[in-house]
Amino acid sequence: MVLRGIEQRLERVFEGVFGRAFRTNVQPVELARKLAKEMDEHRSTSVTRVYVPNEYTIYLSPGDREQFEGYENSLVSELEEYLAEHASRENYALLTPPRILFETDEDLGVGEFGIATRMAQYGRQVGEEAPAEAPPPGATMIYKPRTQPTEAASLADLGVEREVAVLSWSGQRRVLENQRSVLGRSRDADVQIEDPNVSRRHAEIVQEGSTYWLVDLGSTNGTEVDGRRIQRVRLADGSRFTIGETTVTFSSERE
């Protein structure tokens with residue numbers, strides 16, 4: 001598998017070079033996986049395509065950035081290849097091939113890093129980069145709890161919309177905001193369903209790239225699709241499933 005091959009190369013080349021330094025510092029493979037996660041979470045849908053950001057800025061602490069001295073260009077190339085392969089596998093559309101930028105952030109501690117994404121349109125003249133009415137950058141995601149206020153992305157200039165997953169049941173509607181959303185009777189559930197036949201933590205919906213899966217969490221009364229119990233099933237737009245006595249509809253909508 002191409003993606004796994006690139007991950008193994010990142011582990012072998014870079015972690016072999018830095019050895020012990022990366023036991024507490026940011027690791028290249030961790031960067032690659034989080035970049036793919038950011039790509040998945042910032043996809044936007046046009047009439048016929050699913051667009052994803054093409055520019056990714058990685059913010060590192062001074063200590064972590066120093067570890068890459070002398071190898072940064074090679075790492076950038078590997079990460080860009082990783083994102084290009086991930087986009088190809090998920091059938092994502094890019095305005096340009098993925099571009100990785102590194103920045104140093106004095107506010108970050110060792111082992112912490114941030115990723116900011118945006119859709120950027122670059123000028124075509126050699127040596128000149130000119131965002132052609134590109135939308136503002138998206139919010140920066142900090143890995144290891146931190147907050148960093150930034151502007152929310154607007155895709156109006158590209159004519160694309162954000163695609164969201166929605167659950168509907170008994171006159172209620174809930175947009176799924178997380179990659180994992182637990183459904184159940186408990187107040188702590190991400191999606192609370194007030195049905196006495198529903199377990200406290202009954203099932204969960206897991207997002208993997210552009211695909212959503214329904215997974216039963218060992219519930220008492222089980223999870224059914226088309227009258228049969230399931231443990232794990234792929235959801236499509238319009239899929240319906242039953243937990244307890246409640247029928248839930250999964251749909252994909254554009255905001």
Asks: Apply side-chain contact (heavy atoms from CB on, under 4.5 Å) to residues Val191 and Trp169 and explain how you reach the verdict.
Replies: CA-CA 11 Å; Val191 180; Trp169 75 98; 3.5 Å; yes
Asks: Evaluate the criterion side-chain contact (heavy atoms from CB on, under 4.5 Å) for residue pair Val26 and Ile58; output intermediate values, then yes/no.
Replies: CA-CA 11 Å; Val26 172; Ile58 300 174; over 6 Å; no
Asks: Between the side chain of Asp64 and the main-chain N/O of Val110, is any donor-acceptor distance below 3.5 Å?
Replies: no
Asks: One pair to check against side chain to side chain donor-acceptor pair (under 3.5 Å): Asp237 and Ser252. What are the steps and the verdict?
Replies: CA-CA 5 Å; Asp237 186 26; Ser252 179; 5.5 Å; no
Asks: Is there a donor-acceptor pair under 3.5 Å between the side chain of His42 and the backbone N or O of Lys37?
Replies: no
Asks: Please check this pair: side chain of Arg174 against backbone of Asp190, looking for a donor-acceptor N/O pair closer than 3.5 Å.
Replies: yes
Asks: Any donor-acceptor pair under 3.5 Å linking the side chain of Arg49 with the backbone of Leu94?
Replies: no
Asks: Looking at Gly244 and His202, what are the two nearest heavy atoms and their distance?
Replies: N-CE1, 4.0 Å
Asks: Identify the heavy atoms of Ile100 and Glu80 that sit nearest to each other, and give their distance.
Replies: N-OE2, 3.0 Å
Asks: For a 4.5 angstrom cut-off between non-hydrogen side-chain atoms, does Leu79 reach Tyr56?
Replies: no
Asks: Side chains of Arg118 and Pro53: closer than 4.5 Å at any heavy-atom pair?
Replies: no
Asks: Any sub-3.5 Å donor-acceptor pair from Asn221's side-chain atoms to Asn197's backbone N or O?
Replies: yes
Asks: Quick check: does any side chain N or O of Ser44 sit under 3.5 Å from a backbone N or O of Tyr51, one acting as donor and the other as acceptor?
Replies: no
Asks: Before giving the answer on side-chain contact (heavy atoms from CB on, under 4.5 Å), spell out for Leu108 and Leu60 the whole-Å C-alpha distance, their side-chain angles and the decisive distance to 0.1 Å.
Replies: CA-CA 7 Å; Leu108 292 172; Leu60 296 168; 5.5 Å; no
Asks: Please evaluate residues Met119 and Asn54 with respect to the criterion side-chain contact (heavy atoms from CB on, under 4.5 Å), reporting the C-alpha separation (whole Å), side-chain torsions for both, the decisive distance (0.1 Å), and the verdict.
Replies: CA-CA 5 Å; Met119 290 188 183; Asn54 59 328; 4.2 Å; yes
Asks: Counting N and O atoms only, with roles assigned by atom type, does the side chain of Glu55 sit under 3.5 Å from a partner on the main chain of Arg99, one being a donor and the other an acceptor?
Replies: no
Asks: Are any of the side-chain heavy atoms of Leu167 and Leu176 separated by less than 4.5 Å?
Replies: yes
Asks: With the side chain counted from C-beta on, respond yes when Glu194 and Gln172 share a heavy-atom pair under 4.5 Å apart, and no when they do not.
Replies: no
Asks: Shared ILVMFWY cluster between Val52 and Leu35, side chains joined below 4.5 angstrom?
Replies: yes
Asks: With no hydrogens and no angle check, just 3.5 Å: does a side-chain donor-acceptor pair link Ser181 and Asn178?
Replies: no
Asks: Please find the pair of heavy atoms, one from Ala36 and one from Tyr82, that lie closest to each other, and give the distance.
Replies: CB-CE2, 3.9 Å
Asks: Does any N or O in the side chain of Arg89 come within less than 3.5 Å of the main-chain N or O of His86, such that one atom is a donor and the other an acceptor?
Replies: no
Asks: Working to the nearest 0.5 angstrom, can you tell me the gap between Ile193 CD1 and Thr246 OG1?
Replies: 6.0 Å
Asks: Roughly how far apart are Arg201 CZ and Asp216 CG, rounded to 0.5 Å?
Replies: 12.0 Å
Asks: Is Val233 reachable from Ile205 through a run of I, L, V, M, F, W or Y residues, each pair having side-chain heavy atoms under 4.5 Å apart?
Replies: yes
Asks: To the nearest 0.5 Å, what is the distance between CD on Gln207 and CG on Leu235?
Replies: 11.5 Å
Asks: Count the heavy atoms of every other residue, nucleotide or ligand shown that sit under 6.0 Å from CZ of Arg185, and state whether that count exceeds 12.
Replies: yes
Asks: Determine, using the 4.5 Å side-chain heavy-atom cutoff (strictly less than), whether Val76 and Met39 are members of one ILVMFWY cluster.
Replies: yes
Asks: Say you draw a straight line from OG1 of Thr223 to CG of Leu217; how long is it, rounded to the nearest 0.5 Å?
Replies: 7.5 Å
Asks: Using every non-hydrogen atom in the two residues, find where Pro98 and Ala84 come nearest and quote the distance to one decimal.
Replies: CG-N, 3.7 Å
Asks: Are the side chain of Asp105 and the backbone N or O of Tyr59 linked by a donor-acceptor pair below 3.5 Å?
Replies: no
Asks: To the nearest 0.5 Å, what is the distance between CD (Glu90) and CG (Asp40)?
Replies: 6.0 Å
Asks: Considering all heavy atoms of both residues, which atom of Arg232 and which atom of Val215 are nearest to each other, and what is their separation?
Replies: NH1-CG2, 4.0 Å
Asks: Hydrophobic cluster membership, with links at side-chain heavy-atom distances under 4.5 Å among I/L/V/M/F/W/Y: are Val248 and Trp213 in one?
Replies: no
Asks: Heavy atoms only: give me the nearest Lys34-Phe113 pair and the separation to one decimal.
Replies: CG-CZ, 3.7 Å
Asks: How long is the span from the CZ atom in Arg200 to the OG1 atom in Thr220, to the nearest 0.5 Å?
Replies: 11.5 Å
